[in-house]
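Below, chain A is the first sequence line, B the second, and so on; all start at residue 1. What you are looking at is a predicted structure, and each value in this text was computed from that prediction instead of being measured.
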There are 2 protein chains.
Amino acid sequence: MNMEDTQADTARDGTVGDDGPSTKPELDLNQFLPYRLNSLADRISQALAQLYEERYQLNIAQWRVLAWLSHCDELTAKKVCAYTNMDKARVSRAIQALEDRGLISRTPSPRDQRLHDLHLTPAGQVLLAELIPAAQAWEAELVATLTAGEYRDLLNVMRKLERQLERIGDKG
Amino acid sequence: MNMEDTQADTARDGTVGDDGPSTKPELDLNQFLPYRLNSLADRISQALAQLYEERYQLNIAQWRVLAWLSHCDELTAKKVCAYTNMDKARVSRAIQALEDRGLISRTPSPRDQRLHDLHLTPAGQVLLAELIPAAQAWEAELVATLTAGEYRDLLNVMRKLERQLERIGDKG
DNA sequence: CGAGCATAGTTGCTTTTGAAACTATATGTC
DNA sequence: GACATATAGTTTCAAAAGCAACTATGCTCG
């Protein structure tokens, strides 16, 4: 943070002549949305993780499986992959860990033996009955300084970015 | 997505009597800001990464070091850690890789032999002269659907969240 | 000055992750 | 019905990441 004696910045307007005609490109990551968004999301994730990591020994993949299970009545590993954009190996390991701990059960689907239907066990339900309100309370505190309008606009803008991202990704 | 024959959902309003008085807590991750933000940031990062990974064989840590170097005249590994919230081992390895490729130089600071001042080599400058405009163009396309106001508001809200995050983190 | 503490950066080690190979089940075609 | 192909999920293996120990330098206070 000690910037008082950085003098090269005086050339920022490109008026220095001896370095060629094209102004040197600079990227201020603090003004660069992908970086800022990633940084913010990282910090939020890390802070929230304390809720489920320390208190319940869950990693983020396990937490996500449980959260999806809390409001999906039929869930498979495949669906978790699709919903969360996580690798199937990662999901597989998360599910296995949760099963080993007795938090979820895994039954082969009668319709298709390749699929395994996931369900919360009573123990899992108990855990979530504690964890979900805590997570919601934490989120409420996080957004406490936002007005209702700001919160709504934020979600709208995020939706816009998601759509635009798909559009960009499609055409390359 | 095939939900037409999931019948357990009929109990969603908590009117089922035999499962206790407290309504089952559900967490819809799609309405949960930490998840949504993380998901969006992940997708953006991943899409952007194609710019510097495929074309320039840079990973995200290396890209960040270069980007900071593009507008910091004095940079050390320590500062990169502070700015980017990355682990110092990760930063150290990124710096080493960049030096091995001749994109940056690393000179012990004359003031303090523990510090190493980082600088772009000409080769590094050439690379950035290509990469930075490409990254900025990509970002511009990403935010193309946002109005100026939406963009400004987004950054403002992100700043608010960052500040609130620190406040929450401080008190636990 | 010198002993003890702090700091910048590197290295070693363990865990986590992701890509790809693999298993087992299902489907489609002839 | 048999063969080719697709899909869900697991396992294996190599690369990446994080923690902690370590090195080297600098600082503080007696």
Side-chain angles (χ1 to χ4, degrees), chain A residues 1-2 38-39 41-43 45-47 49-50 52-54 57-65 68-69 72 74-100 104-119, chain B residues 1-2 38-39 42-43 45-47 49-50 52-54 57-65 68-69 72 74-101 104-119:
Chain A
M1 285 309 188
N2 178 10
N38 201 56
S39 178
D42 255 17
R43 280 172 222 259
S45 271
Q46 224 173 307
Q50 296 191 334
Y52 48 78
E53 266 177 8
E54 291 177 4
Q57 282 77 53
L58 298 171
N59 65 27
I60 192 168
Q62 292 159 9
W63 154 242
R64 283 177 179 172
V65 171
W68 279 105
L69 268 173
C72 292
E74 296 252 319
L75 196 66
T76 63
K78 181 73 188 308
K79 283 181 183 174
V80 174
C81 290
Y83 298 162
T84 63
N85 206 30
M86 294 193 294
D87 186 85
K88 59 183 184 164
R90 194 176 174 198
V91 170
S92 173
R93 293 189 265 247
I95 287 172
Q96 206 167 322
L98 291 172
E99 198 189 13
D100 290 349
I104 67 175
S105 63
R106 221 175 47 102
T107 57
S109 164
R111 295 276 179 195
D112 182 339
Q113 295 290 123
R114 294 171 306 179
L115 280 66
H116 296 263
D117 289 329
L118 306 176
H119 290 285
Chain B
M1 286 307 186
N2 178 9
N38 201 59
S39 178
D42 255 18
R43 280 172 221 258
S45 271
Q46 223 173 308
Q50 296 191 334
Y52 49 77
E53 267 177 9
E54 289 176 8
Q57 282 77 52
L58 298 170
N59 64 29
I60 193 168
Q62 292 160 8
W63 153 246
R64 283 177 180 173
V65 170
W68 279 105
L69 268 173
C72 291
E74 298 249 318
L75 195 65
T76 61
K78 181 70 188 307
K79 282 182 184 174
V80 175
C81 290
Y83 297 162
T84 64
N85 205 29
M86 293 191 295
D87 186 84
K88 59 185 185 164
R90 193 177 173 196
V91 171
S92 174
R93 286 166 188 139
I95 287 172
Q96 207 166 321
L98 292 171
E99 198 188 13
D100 290 349
R101 282 180 61 185
I104 67 174
S105 64
R106 223 174 45 101
T107 57
S109 164
R111 296 275 177 195
D112 183 338
Q113 296 289 122
R114 292 170 307 179
L115 280 66
H116 296 263
D117 288 328
L118 306 176
H119 291 286

Discussion item. Go nucleotide by nucleotide along DNA chain C from the 5' end; which of A/N59 and A/D112 gets its closest nucleotide reached first?
Written reply: A/N59
Item to complete: Provide the closest heavy-atom pair for A/D87 versus A/A89 in the form atom of the first, atom of the second, distance.
Response: OD2-N, 2.8 Å
Worksheet item: Under 4.0 Å: is that the gap between some side-chain N or O of B/R106 and OP1 or OP2 of C/dT10?
Response: yes
Discussion item. Rounding to an integer number of Å, can you tell me how far B/I60 CD1 sits from C/dT17 P?
Written reply: 16 Å
Discussion item. In whole Å, I'd like the distance from the NZ atom of A/K78 to the P atom of C/dT25.
Written reply: 18 Å
Item to complete: Can you label the angle between the A/Y83 ring and the A/W68 ring as parallel, tilted or perpendicular, going by 30° and 60°?
Response: tilted
Worksheet item: Could you state the interatomic distance from CZ (B/R93) to NZ (B/K88), rounded to the nearest 0.5 Å?
Response: 11.5 Å
Practice prompt. In sequence, state the C-alpha distance, the side-chain angles, and the governing distance for A/Q46 and A/I60, and then conclude on side chain to side chain contact (heavy atoms under 4.5 Å, CB included).
Written response: CA-CA 9 Å; A/Q46 224 173 307; A/I60 192 168; over 6 Å; no
Worksheet item: A/N85 has an atom CG; how far is it from atom P of C/dT17, in whole Å?
Response: 14 Å
Item to complete: Evaluate side chain to side chain contact (heavy atoms under 4.5 Å, CB included) for A/E74 paired with A/D117, printing each intermediate quantity in order.
Response: CA-CA 6 Å; A/E74 296 252 319; A/D117 289 329; 4.2 Å; yes
Worksheet entry | Closest approach of B/Q57 to B/E54 (non-hydrogen atoms, all atoms of both residues) | NE2-O, 2.8 Å
Worksheet item: From the 5' end of DNA chain D to its 3' end, which nucleotides mark the outer limits of contact with chain B, defined by a 4.0 Å heavy-atom distance cut-off (strictly under)?
Response: D/dA17 to D/dG26
Worksheet item: So, does A/T84 use its side chain to make a donor-acceptor pair with the main chain of A/V80 at under 3.5 Å?
Response: yes
Kindly give the atom pairs (protein nitrogen or oxygen, nucleotide nitrogen or oxygen) under 3.5 Å for nucleotides 18-21 of chain C.
unit_1 : atom_1 : unit_2 : atom_2 : d
C/dG18 : N7     : A/R93  : NH2    : 2.8
C/dG18 : O6     : A/R93  : NH1    : 3.4
C/dG18 : O6     : A/R93  : NH2    : 3.0

Worksheet entry | Net bend of the helix from C/dC1-D/dG30 to C/dC30-D/dG1, end axes of five pairs each, nearest 10 degrees | 20°
Item to complete: Please report the closest heavy-atom contact between B/L118 and B/A77, naming both atoms and the distance.
Response: CD1-N, 4.1 Å
Worksheet, complete the sentence: Between A/E53 and A/L58, the two heavy atoms sitting closest are CG-O, 3.1 Å
Practice prompt. Respond yes when some side-chain nitrogen or oxygen of B/S92 is under 4.0 Å from OP1 or OP2 of C/dG9, and no when none is.
Written response: no
Practice prompt. Using distance alone, with no hydrogens and no angle criterion, decide if B/S45 and A/N38 have a side-chain donor and acceptor under 3.5 Å apart.
Written response: yes
Worksheet item: Rounded to the Å, how far apart are B/Q46 CD and C/dT17 C1'?
Response: 13 Å
Worksheet entry | Under 3.5 Å donor-acceptor, B/Q62 side chain and B/N59 backbone | yes
Practice prompt. Please state how far atom CD in A/Q57 lies from atom C1' in C/dT16, giving the value in whole angstrom units.
Written response: 17 Å
Item to complete: Nearest whole angstrom, please: distance from the C1' of C/dT10 to the CD1 of B/I95.
Response: 11 Å
Practice prompt. In whole angstrom, give the distance that lies between atom CZ of B/R114 and atom P of C/dT10.
Written response: 14 Å
